[in-house]
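Computed from a predicted structure; not experimentally measured. Naming: A, B, ... by sequence-line order, numbering from 1 per chain.
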Amino acid sequence: MKKSIVPLVAGAALAVSAVSASAATLDDVKAKGSVQCGVSQGLPGFSNPDSQGNWTGLDVDTCKAIAAAIFGNADAAKFTPLSAKERFTALQSGEVDVLTRNTTWTMSRDTDLGLNFTGVNYYDGQGFMVPKDLGVSSALELSGASVCTNTGTTTELNVADYFRSHDMDYEVVAFEKADEVVAAYDAGRCDVYTTDQSGLYAQKLKLTNPDDHVILPEIISKEPLGPAVRQGDDQWFNVVKWTLFALINAEELGVTQDNVDEMKNSDNPSIKRLLGTEGSFGESIGLDKEWAVNAIKAVGNYGEMFNRNVGPDTELGIDRGLNKLWSDGGLQYAPPVR
Amino acid sequence: MAAQDVLPSRKGSSGFSALNDQRVRGVIFQVLLIVAIVSFAWWIIHNTAANLRAQGIGFGFGILRDSAGFQINQTLIDYQETSSYVRVYFVGLLNTLLVSFIGVILATIIGFIVGISRLSKNWVVAKAAYVYIEVLRNIPLLLQIFIWYFAVLRLLPAKRDAIDLGPFGLLNIAGWYAPNPVLGRGFALVAAAFIIGIVATFVLRAWARRRQMATGQIFPLFRVALALIIGLPLVAYFVAGFAFANPPFSLEYPTPGNFGPRGGLRVFPEFIGLLMALSFYTASFIAEIVRAGILAVPNGQTEASYSLGLRPGHTLRLVVIPQAMRVIIPPLTSQYLNLTKNSSLAVAIAYPDLVSVFAGTALNQTGRAVEFILITMATYLTISLVTSLFMNWYNRSVALVER
Ligand SMILES: N[C@@H](CCC(=O)N[C@@H](CS)C(=O)NCC(=O)O)C(=O)O
């Protein structure tokens, strides 16, 4: 069983490796010719293998953008599916180079776990899904319910806080793998399924009768989901961080997957700096001039990436909401390339 | 000195001769080995701590005192979200021990039945046992756990329905809501009466045996024991109930709630699913061990027993099985250990065992892989060693005493 071995391997690696692996991840990545990304084991819209076995989704595209920025080739992105429980150990031990797996940025993860979050590729919050015939319209009516969820998540802690602070009884049934949570909820073991709201939209699609379930209006937490890397490697941190910023800046500047080549001729100095026709911003993070061009060519700008994977026209049908650009009243905001 | 005894002529160069001495050399090598192991262990610990520090990951066992913050549904001891990780550990450990202990008993019973059936002269019974063994031991356990769990879930009615088991409570997809024993004020009296009943029975039995040996008279022990063990507490029950004006012992039944029954003693479907899978799977191995054990008893023993006029059932129970036990016990021990260790697959179906809540949830919430895995490994090692010690003791007690 691979999964239970991960912490052991990590422990063994930590025990016998002479010097810690804080060294240059970018060099390692370049040497092996690919980026290894930790993704979830199948969450439609975020990271999900399609019928041909190709990984698709917002988190997958984030990883592809990084690969494209480094190698000019999105196929250099390799994926390791990880359960919520395995993910941090896998990153710490160097099994993956970056975690792009709907992971909430929290203080303890950012500090005590030795991780660095590089930004937010999806602003989320925790929600509840219930069968329609339960006749529940608010989370405050859930006292006495059993709640299915994933172990090793912020979800587990939030749900405890929420029910306790509202003085409501509950029973948690916590599975390691998301598929089992879905199966148990679908079978009727639990009255409620709780996870990040985006996750609810995604998992709902896997139910036998998706239309028989509703997502309740309450959002009980802040779940800023974003890529994470190991602490102590600033260069690699910069590469991942600025790749995401480049995609967000591209949307703001109107650069898209289709027009990126002609935009290189633009007179707008911000676009010129982003697309490498002015300055040497790519070089300063250890990449070439075309880094952002390649990333945008591979996955489009942030808005395109969002709409293609989870947006209103997809089966998930999620509204941009908090994930609109700051200039449109949302939270997505990237520091300038300058 | 030994060296001087062996080589009396070389008194002058004792250093040289001591090195030639086997015993001295043995000691030197052992000391060297211990030094090597200790320095290796020190190096590992030091290196791990240094590497963790270099990666910015915290290290230390102090975190065990922090509060956990998550809920666990099946807890044999009091547990709240505000309880510490130490308590999470004990909750998980007890859940592991619970499912392992009951699993071992069930697996042994089923294993013996199937193993003996496998040798039955009845073709259908023997073939059925054969099929059972071949099917169950060849399907991966994890798969069987899923099959059992989801079968249990599928078979039972929805949460807001329930099968009414009458005095045994309610049963639905969320588990079995058994009547919960509630102890009243006079319960100590009833318990005391029960214990006195048992002790008295033992005393009585010893006396009855002695009398039977001496006079051949048979004492109706069973009926008297029944009166002592059941009658005495019953009398105490009524006396206490009358004296304190409330029943010393009552059963609390589940009541309907908006999300299905509430209250009662919950037996979770995760527990049932895991228990079934572990017991039936392990039983298939135990059955083969039992069969081998029985076949190892020479046929002459059975024939001798028959010729003494013992019936087949008695022959099996009094002659064959006791001898077969000597062959059965050592491999049986390793099956018990396997069952205990296999119970760690619990996390797949949300049963909160040690690996699931401690080496899983708690580890993940704190990120302290090294500490939590070390503790968990040490725990499993201890459980295994204790089981082995017990089984070795039992094995010695049934072993052939050579005179
Ligand atoms: N954002 C939360 C929860 C993340 C999480 O693991 N969610 C589950 C439920 S949506 C999931 O991604 N499952 C998909 C999988 O394991 O493949 C966290 O970081 O702790």
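With a 6.0 Å radius and a threshold of 12 heavy atoms from other residues, nucleotides or ligands, A:K222 has its NZ atom at or below the threshold. The environment of CG in A:D167 is sparse: at most 12 heavy-atom neighbours from other residues, nucleotides or ligands sit within 6.0 Å.
Of the atoms belonging to A:R189, heavy atoms from both backbone and side chain fall under 4.5 Å from chain B. When heavy atoms are compared at a cutoff of 4.5 Å, B:T366 approaches chain A solely by way of its backbone atoms N, CA, C and O. Contact of B:A174 with chain A is made through backbone and side chain together, with heavy-atom distances under 4.5 Å. Only the backbone of A:T153 comes within contact range of chain B, judged by heavy atoms closer than 4.5 Å. Of the atoms belonging to A:D110, not a single heavy atom falls under 4.5 Å from chain B. Contact of A:A183 with chain B is made through backbone and side chain together, with heavy-atom distances under 4.5 Å. Both the backbone and the side chain of A:A145 come within less than 4.5 Å of a heavy atom in chain B. Residue A:F163: no heavy atom, backbone or side chain, is found under 4.5 Å from chain B. Proximity to chain B (any heavy atom under 4.5 Å) is shown, for A:V181, by neither the backbone nor the side chain. Only the side chain of B:F146 has a heavy atom closer than 4.5 Å to any heavy atom of chain A. Using a 4.5 Å cut-off between heavy atoms, A:L115 makes no contact with chain B at all. Only the side chain of B:E270 has a heavy atom closer than 4.5 Å to any heavy atom of chain A. Looking at B:F372, neither its backbone nor its side chain comes within 4.5 Å of chain A, counting heavy atoms on both sides. Proximity to chain B (any heavy atom under 4.5 Å) is shown, for A:F175, by both the backbone and the side chain.
For residues 90-110 of chain A, every residue pair satisfying the ring-ring contact (aromatic ring centres under 6.0 Å, His included) rule, not counting sequence neighbours, is listed here: A:W105-A:F117. Annotation: ring-ring contact (aromatic ring centres under 6.0 Å, His included) contacts involving residues 211-239 of chain A, sequence neighbours excluded, comprise A:Y185-A:H213.
How far CG of B:L363 is from OG1 of A:T151: 10.5 Å, rounded to the nearest 0.5 Å. Rounded to the nearest 0.5 Å, atoms CD (A:E180) and OH (B:Y149) are 9.5 Å apart. We find the CG-CD distance between B:L52 and A:Q92 to be 8.0 Å, quoted to the nearest 0.5 Å.
The residue among B:R266, B:R154, B:R160, B:R262 with the most heavy atom pairs within less than 4.5 Å of chain A is B:R160. Top candidate by heavy-atom pairs under 4.5 Å with chain B, chosen from A:V147, A:D169, A:L142, is A:L142. The choice from A:D191, A:L113, A:T154 that makes the most heavy-atom pairs within less than 4.5 Å of chain B is A:D191.
Two residues are said to be in side-chain contact when any heavy atoms from C-beta on lie closer than 4.5 Å; B:R368 and A:D112 meet this criterion. Using a 4.5 Å cut-off on side-chain heavy atoms (C-beta onward), B:F259 and A:E141 make no contact.
Between B:G360 and A:K85, the shortest heavy-atom contact is CA-CE, 3.6 Å. Across all their heavy atoms, B:T361 and A:G152 have their closest contact at CG2-N, 4.3 Å. Among all heavy-atom pairs drawn from A:G188 and B:K159, the shortest one is O-CG, 3.7 Å. Contact record, B:I173 with A:A187: CD1-O, 3.0 Å, taken as the closest heavy-atom pair. Closest approach of B:A369 to A:T89, counting heavy atoms only: CB-CG2, 4.3 Å.
Contacts of residues 68-75 of chain B with chain A at a heavy-atom distance below 4.5 Å involve B:A68, B:G69, B:F70, B:Q71, B:N73, listed in sequence order. Heavy-atom proximity under 4.5 angstrom to chain A picks out nothing from residues 83-97 of chain B.
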